[in-house]
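A quick write-up on the structure given underneath.
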Amino acid sequence: MAEAVTTKTPDAGAPKRAPANRRGRKRRGTLLRIFNPIEPRTYMIIALLSFLLLFLGWWLAAEVNLAKDIFLPSPIDVWNRGVELVKDGTLWDDTKVSFLRITIGFAISTAIALPIGILIGTYRAAEAAIEPPVDFIRYMPAVAFLPLTIVWVGVDESQKWLIIFIGTFFQQVLLVMDNVKRVPREYVDISHTLGMRDTSVLRRVVLPAAAPSIWDTLRITLGWAWTWLVIAELVAASDGLGHRIIVAQRYFQTDTIFVGIFVIGVLGLIMDQAMKFTGKRIFRWAE
Amino acid sequence: MNEPKLSVNGVRKVFEGRSGDVVALDGVDFEIAEKEFVTVIGTSGCGKSTLLSIIAGLEEETEGVVLLDGEEVYAPGRDRGVVFQSYTLFPWMTAQKNVEFALRGSKRERADVARQHLEMVGLEGFADAYPSQLSGGMRQRIAIARALSYKPQVLLMDEPFGALDAQTRQLMQELLTKIWEEHRMTVMFVTHDIDEAVFLSDRVLVMTARPGRIKEDITIGVDRPRTFEVLTTPEFFDYKSRLLAAVREESLRTATEQLAAR
């Protein structure tokens, strides 16, 4: 016990003195040096100030009538409009409809993309058969499919799912393929030397190894899916957040457009953060 | 020497590349007796890891044959355990589960055997830790525990301590020697570290630069049990200087060839 204490004392004392000497010179300019770490609190304050400045600028621009109200409503008008839309239930209904659409569209896309991505990530022959056409289709803009989807399935719910699917699926397949390919070969080799067959290597080693990055792929593509949802709703829908925006445009209700955009942004952010949080919980080992 | 445990006969390996074929190994011949610790040493790129992969069955030889107990080796199998340098443990499993992963039998049996082997490498207290919570040395100890746990006929180690710092590496060498001296198994160890080769081995095989062949076969007569003290004995230095000369000749050859190729 006594020994431990005596050996510890000089150790603990030394680093305390060193920075005290240099403090005056070192501290200055920490924000201005490249790659220099800053305190989390400082980071937060700067981020908050940045938001504040953004809103202030907006408010000021609206206040001095930089543009007419129908072009640029003030943040206060937008807030009031938002409260109104919440009160009469429109916002909630639209959000519900949009949320359901993205959930179904994204779920269909994911359910098909996952097995295909895993397959072409592991078997070169499957990759040769599937990857080139998928890569080709991926570069066709999903928006250009809009008229076609309406011809194919009409304007009911399935058309929105289809647009989300077209926009998301091909990207997902390629990203999942890449996730699977990046599993270190050593894991597979070790499993083989343990006498495991390919199917169980796939199930017990490749999938768990790729799972955290696949989860990230889903999180990122979910963000993209929001864009396709809104586009689908802008073009042909009778409800949903995108539809609310396009109707508001017809009546020059710019404040409603702003509310719609904000709600979509916030919903996207919430879903993204929720997935990030869940991912961290499930894949705690991957740190 | 009676029937060898592992026998490598005329193994040749050619990699087909875009800019022509590369002969990685050209006529590798050697034998390892039962319960012998043999190290293959050579410059980087001499094909020593390729050789190990071929013996493990993870890669296919272009010509030649690898025999284990007189039977030809075609594919990876549980008779040959492998320890790599990196990505040795599955990061989503605890230390205990990583070892159990290699085992067969009832749940209870697997847990018991895994615990015994974690104890063997001195990590019984870290059974529930995930690899990311452990140091590089600890991870390699668990990898060794796993490779020993299912009792393969031959242990193949591909620079298992290559990614560790000098002090940890020294401790790991001592641990491996201690375990080997207690349990005596057939080991083929690959490294480019001469001290490591001499300290661990009964025999050291020096490979030529590419294309790799066995150039020298040196029996290390240092008495066992070996502790870190042998590192400073004249005997140890003798072996070291012989190996150093042999390896250096090859690295010089590679260097001049590379210069000439420009």
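Here the structure is a predicted model, which means the values were calculated and not measured. Within every chain, numbering begins at 1; the chains are lettered A, B, ... in the order of the sequence lines, protein sequences first and strands thereafter. Side chains are part of it too, since the values below use all heavy atoms of this structure and drop only hydrogens, waters and symmetry mates.
In this structure, chain B has no heavy atom under 4.5 Å from any part of A/Ala286. Heavy atoms of A/Pro208 lying under 4.5 Å from chain B belong to its backbone as well as its side chain. Only the backbone of B/Leu89 comes within less than 4.5 Å of a heavy atom of chain A; no side-chain atom from C-beta onward does. Using a 4.5 Å cut-off between heavy atoms, B/Ser86 touches chain A through backbone and side chain atoms alike. At a 4.5 Å heavy-atom cutoff, the contact between A/Val205 and chain B is made by backbone and side-chain atoms alike.
Residue B/Phe15 qualifies as enclosed at atom CZ: its count of foreign heavy atoms under 6.0 Å is above 12. Atom CD of B/Glu182 has more than 12 neighbouring heavy atoms from other residues, nucleotides or ligands inside a 6.0 Å radius. The local environment of CZ in B/Phe30 is crowded, with over 12 non-hydrogen atoms from other residues, nucleotides or ligands closer than 6.0 Å. The neighbour count for B/Arg210 CZ, taken as heavy atoms of other residues, nucleotides or ligands under 6.0 Å away, does not exceed 12. Counting non-hydrogen atoms of neighbouring residues, nucleotides and ligands closer than 6.0 angstrom, the NZ atom of A/Lys181 exceeds 12 such neighbours. For B/Glu72, the CD atom sits in a packed shell: over 12 heavy atoms of surrounding residues, nucleotides or ligands are nearer than 6.0 Å. Shown here is A/Phe99, whose CZ atom has no more than 12 heavy atoms of other residues, nucleotides or ligands within 6.0 Å.
B/Leu58 is listed as a side-chain neighbour of A/His192, based on a closest heavy-atom distance under 4.5 Å.
Nearest heavy atom pair, residue B/Pro91 against residue A/Trp285, reads O-CB, 3.1 Å. Nearest heavy-atom pair, B/Trp92 versus A/Arg204, reported as atom, atom and distance to 0.1 Å: CZ2-O, 3.6 Å. A/Thr193 and B/Tyr150 get closest at one heavy-atom pair: O-OH, 4.0 Å. B/Val82 and A/Ile190 get closest at one heavy-atom pair: O-CD1, 3.6 Å.
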Derivation and outcome, side-chain contact (heavy atoms from CB on, under 4.5 Å), residues B/Phe84 and A/Arg185: CA-CA 11 Å; B/Phe84 290 118; A/Arg185 281 301 298 272; over 6 Å; no
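With hydrogens and angles disregarded, a donor-acceptor distance shorter than 3.5 Å links the side chain of B/Arg78 to the backbone of A/Leu194.
Put simply, of B/Arg146, B/Met93, B/Gln133, the one with the most heavy-atom pairs under 4.5 Å next to chain A is B/Arg146. Per-residue heavy-atom pair counts under 4.5 Å with chain B were compared for A/Ala209, A/Ser191, A/Gly195, and the maximum is reached by A/Ala209.
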